Amino acid sequence: MDPYITGLGIVALMGAAATIAGAAEDLESDTGSMSNPNSQVQLAPQMGNLHRIFNKAISGEPVQMGTLVGIAGSVAFVLIYTIHLPVIMSIASGAFIAALFHAAFATTSHLGRIVSQNQFHQPVYMDVITSHLGPIAAHGFIVTFSIVGLSYLMTLPVAGFNHPFPLPLLAVLWGITIGAIGSSTGDVHYGGEREYQTYPFGGGIPVAIHGDITTMAELGARNSLDVVHFCAKYGGPITGFCFGTIVFFSFWTTVVFGDVGGIVASLVIILSIIIINNRIEVFARDTYGPYKD
């Protein structure tokens with residue numbers, strides 16, 4: 001088989017895995033209130049707003065995903081190169097072990113955060129824990145499986161790949177990367193839009209309304225499953241598209257243009273994106289103008 005075609009096929013598969021991982025990572029963070037708006041959930045009981053939102057943020061998403069994907073990658077590495085288990089089974093087994101750790105840490109961190117609000121009469125809802133652990137672990141499984149999979153593809157003995165780093169280290173690095181992208185990109189379609197629906201859109205979150213989150217959903221009390229359902233429309237897909245594009249262009253240019261040509265092509269792409277972003281922002285400002293008083 002033509003190595004050129006083989007390399008492009010691997011890049012395409014890595015981009016697809018990265019897109020799925022990015023979408024699942026953002027939705028996992030939304031299910032557990034892991035992203036930046038979690039501080040508003042933590043502050044809500046102090047403002048007299050008791051809630052039924054899952055809140056497991058005891059670290060940033062890069063730390064969490066780097067740890068979980070590192071666990072999955074390490075297990076998969078041992079199973080592949082020591083026990084010689086098939087690659088797909090090894091990666092799935094590693095992702096399953098990471099999902100168990102994920103569920104355990106999600107439970108303890110949520111309980112710790114909620115119990116710390118006991119002095120403000122915030123109760124612990126056991127049904128919130130049991131109903132949210134499944135989606136949290138499931139989204140985490142998808143993330144770890146996809147990231148370990150694309151990390152393994154990087155180690156294949158094909159021109160443009162054959163990375164010298166071992167699988168667990170690559171998994172940790174990509175886990176930190178997807179956590180950072182999910183924390184920055186996905187938040188645009190999560191915080192003020194869903195938690196502050198009772199206030200006008202576009203005004204940010206003034207200090208005067210910090211913690212004054214919306215606690216009632218379309219039907220009954222709001223929980224994080226309502227939030228993730230909302231984010232599945234924009235936040236998740238945009239995060240997946242962002243990460244998938246980064247992974248695809250990071251390797252596509254090298255495979256097509258070689259090492260030096262790939263660097264030049266990447267610089268051209270980056271400069272083009274900067275110019276396009278600037279033109280879009282200027283157009284939006286000129287067209288819609290500043291917010292009204």
Side-chain angles (χ1 to χ4, degrees), residues 1-25 28 61-102 139-182 239-263 265-266 269:
M1 182 180 293
D2 187 346
Y4 177 78
I5 298 177
T6 303
L8 287 180
I10 294 175
V11 170
L13 187 57
M14 289 175 62
T19 302
I20 296 172
E25 197 283 333
E28 185 279 329
E61 290 177 60
V63 176
Q64 173 191 265
M65 297 317 304
T67 301
L68 294 176
V69 178
I71 293 173
S74 299
V75 173
F77 182 81
V78 171
L79 295 178
I80 292 173
Y81 297 104
T82 302
I83 305 179
H84 303 293
L85 199 66
V87 174
I88 295 295
M89 293 180 62
S90 300
I91 296 176
S93 299
F96 176 75
I97 297 299
L100 297 180
F101 277 89
H102 197 172
H139 283 101
F141 177 90
I142 296 172
V143 177
T144 53
F145 182 89
S146 301
I147 295 297
V148 174
L150 73 86
S151 299
Y152 174 78
L153 292 174
M154 289 178 61
T155 64
L156 295 178
V158 177
F161 298 94
N162 197 19
H163 204 284
F165 287 0
L167 177 60
L169 180 56
L170 288 173
V172 170
L173 294 176
W174 279 121
I176 294 173
T177 303
I178 184 59
I181 293 174
T239 305
F241 176 76
C242 175
F243 186 52
T245 302
I246 291 174
V247 171
F248 181 80
F249 280 112
S250 296
F251 293 90
W252 171 77
T253 52
T254 304
V255 171
V256 174
F257 299 106
D259 294 338
V260 178
I263 295 176
S266 298
I269 292 173

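For reference, positions follow the sequence shown, starting with 1. Given the structure is predicted, the values throughout are model-derived calculations rather than measurements.
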Non-neighbouring partners of E28 that pass salt bridge (charged side-chain N to carboxylate O under 4.0 Å, His left out), sequence neighbours left out: K56

What is the minimum heavy-atom distance between [X] and [Y], and which atoms define it?
| X | Y | answer |
| --- | --- | --- |
| A76 | L167 | CB-CD2, 4.4 Å |
| G244 | A18 | CA-CB, 3.8 Å |
| V148 | G73 | CG2-N, 3.7 Å |
| A180 | P62 | N-CG, 3.5 Å |
| A24 | I142 | CB-CG2, 3.7 Å |
| A17 | S146 | O-CB, 3.4 Å |

Is the shortest side-chain heavy-atom distance between T67 and F101 below 4.5 Å? no

Do the non-hydrogen side-chain atoms of L8 and V256 ever get within less than 4.5 Å of each other? yes

Starting at [atom1] of [X], measure out to [atom2] of [Y] and round the result to the nearest 0.5 Å.
| X | Y | atom1 | atom2 | result |
| --- | --- | --- | --- | --- |
| E25 | Q64 | CD | CD | 7.0 Å |
| L85 | I91 | CG | CD1 | 10.5 Å |
| M65 | I181 | CE | CD1 | 12.0 Å |
| L68 | I178 | CG | CD1 | 13.0 Å |
| I97 | I71 | CD1 | CD1 | 9.5 Å |
| L13 | L153 | CG | CG | 5.0 Å |

Going through the checks in order, is the side chain to side chain contact (heavy atoms under 4.5 Å, CB included) test met by F243 and T177? CA-CA 9 Å; F243 186 52; T177 303; 4.0 Å; yes

Tell me whether the rings of W174 and F251 are parallel (<30°), tilted (30 to 60°) or perpendicular (>60°). tilted

Over 12 foreign heavy atoms within 6.0 Å of CZ, F241: no

Applying side-chain hydrogen bond (donor to acceptor under 3.5 Å, both in side chains) as the test, list every pair that has at least one member in residues 240-253; sequence neighbours left out. T253-S266

Under the ring-ring contact (aromatic ring centres under 6.0 Å, His included) test, residues paired with Y81 that sit two or more places apart: F77

Looking only at atom types and distance, does a side-chain atom of T144 sit under 3.5 Å from a main-chain N or O of F141, one as donor and one as acceptor? yes

Applying the side chain to side chain contact (heavy atoms under 4.5 Å, CB included) test to V69, which of L170, L173, I147 qualifies? I147

